[in-house]
There are 2 protein chains.
Amino acid sequence: MQSLSVPDIIVGRLPLYLRALSHMISEGQEITSSQDLGERLGISSAQIRKDLSQFGEFGKQGTGYNISFLIDQLRKILHVDRIWDVVLVGAGDLGRAVANYRGFLERGFRIIGVYDNDPKKVGQPIGDFVIEEPSRMMEKIRQDRIEIAMLAVPSAAAQEAAENLVEAGVRAILCYAPTSLKVPKDVRVQYIDPVLHLQRMTYYVP
Amino acid sequence: MQSLSVPDIIVGRLPLYLRALSHMISEGQEITSSQDLGERLGISSAQIRKDLSQFGEFGKQGTGYNISFLIDQLRKILHVDRIWDVVLVGAGDLGRAVANYRGFLERGFRIIGVYDNDPKKVGQPIGDFVIEEPSRMMEKIRQDRIEIAMLAVPSAAAQEAAENLVEAGVRAILCYAPTSLKVPKDVRVQYIDPVLHLQRMTYYVP
DNA sequence: TAGATTGTTAATCGATTAACAATC
DNA sequence: TAGATTGTTAATCGATTAACAATC
């Protein structure tokens, strides 16, 4: 798809474009331009054209972009023209919120199991799932070749959980714990820590 | 504190430094170096020194940084050498997880109220709070001069909620809804959308 | 056609890294 | 002192923007 390697900062913007385009479609819009899209996102039109040009020519001069077509292309590029099965580790309040969130499926991700190492939680229901134990998780990841995990355990338990996930074959982890994981370099990790965002804002709100 | 304006990309790394330093302290470590800190975070030592030098001279040649001292300085720089009161809007599963999360307080943020516009939810308990209605939220923000809000409502309700918050005086919003908010330019917004992170990773996990 | 917008090139801007004198 | 590490400068690297020919 790409000739050489595309900068990660560009890859990181594509999901944002995809989200905005999907929103446009849901409002009945069929065509957009780099300027229109850029205004919604607070990004320059030049940057959007440059980003997309890394992957092909998706627009028409004078007209702009057909939104459905561009959505299809972005889905292919990002490999979300399929549904990814993911495991969820951690069945606390956050795990419950993640398990119940309907927004994953429509954007390419299906939770197929929820796991926790607390024996008191194992067997309990959580959303549409029943909490299972870690050994079952390892089995499941191996048998179904699961490659993506969401980690919603306390910080103290995150590293060990990540190691288990990697050992079983997971190659991408979305980590909700406020800690830095050590993983092999062929394993991708993305972090969500709301406090980092808050502290970034308080700098400007004195 | 800063002579001219500090690049936002640097501001964004300071909370990460602060988090790592706090972790070191909790493990009994008292001194660190730019190299030590950088290795934990996957950042070059030069970058860490350069970032910190924007705000002052915090280290000693030959020795490194006193962790407690550096933590204090970073807290001052980021304005988290105090506790910020914040309101939480949205009392669904995610709102509950946020309301129950103990990690905010120790890092500078105290939730002081939870609000939802669903009359069936108003009056119900959520964590240590009782869900209140939006009109009470407006009052509270005005009376207590609340400047920060966390927004955990569905996408469709996010823009209207944000407008109410801004009208009442909020100047920074942490938005959990997968949508772009339109706010006046003196209002800061940070976004959390787990799917963006997942889609960024699937690009590399084909 | 006239107007609009793309894809791309070159110019600008900003961020990162390397290197080292200063000094603890 | 000798070794280590800072803060800072200059060099490098990469990302963004401006501009425009191509063309729908």
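Computation of the quantities below employed the complete heavy-atom set of this structure, encompassing side-chain atoms and omitting hydrogens, waters and symmetry-equivalent molecules. Chain letters run A, B, ... following the sequence lines, proteins first and then strands; every chain starts at 1.
Sequence order on DNA chain C of the closest nucleotides to B/Arg49 and B/Ile10 puts B/Ile10 first from the 5' end. In terms of position along DNA chain D, the nucleotide closest to A/Pro7 lies nearer the 5' end than the nucleotide closest to the other residue of the pair A/Pro7 and A/Lys60.
With rounding to whole Å, B/Tyr65 atom OH is found 13 Å from C/dC24 atom C1'. Atom CD1 of A/Ile48 and atom C1' of C/dT8 are 16 Å apart (whole Å). For the pair A/Lys50 NZ and D/dT17 C1', the computed distance is 10 Å after rounding to whole Å. Taking atom CD of residue A/Glu39 and atom P of nucleotide C/dT5, one finds them 11 Å apart after rounding to whole Å. We find that CZ of A/Phe69 is positioned 14 Å from P of C/dT6, with the value rounded to whole Å. Summarising the geometry, the separation between CD on B/Glu57 and P on C/dA22 is reported as 14 Å, rounded to the nearest angstrom. The nearest whole Å value for the distance from the CZ atom in B/Arg13 to the P atom in C/dG14 is 15 Å. Distance A/Asp51 CG to C/dG7 P: 12 Å, rounded to the nearest Å.
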Set out, in order, the CA-CA distance, both residues' side-chain angles and the distance that settles salt bridge (Lys or Arg N to Asp or Glu O under 4.0 Å) for A/Arg136 and A/Glu133, then state yes or no. CA-CA 6 Å; A/Arg136 300 270 296 128; A/Glu133 60 187 12; over 6 Å; no
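In this structure, A/Asp85 does not pair ionically with A/Arg145, as no charged nitrogen and carboxylate oxygen lie closer than 4.0 Å. Looking at B/Lys121 and B/Glu132, no side-chain N of the basic residue comes within less than 4.0 Å of a carboxylate O on the acidic one, giving no salt bridge. Salt-bridge annotation for A/Asp93 and B/Arg96: absent, with no side-chain N of the basic residue lying under 4.0 Å from a carboxylate O of the acidic one.
In this entry C/dT6 has D/dA21 as its Watson-Crick or G-U wobble partner, both defining distances falling under 3.5 Å.
Listed nucleotides: D/dG7, C/dT17, D/dT16. Nearest to the side chain of B/Ser44: C/dT17. Of the candidates D/dT23, C/dT17, D/dA15, the closest approach to any side-chain atom of B/Ala46 belongs to C/dT17. Among the nucleotides D/dG7, D/dT16, C/dT6, the one closest to any side-chain atom of A/Ser34 is C/dT6.
Remark: A/Gln61 is not in phosphate contact with C/dA4, judged by side-chain N or O atoms under 4.0 Å from OP1 or OP2.
Interatomic distance, B/Leu52 CG to B/Leu74 CG, rounded to the nearest 0.5 Å: 6.5 Å.
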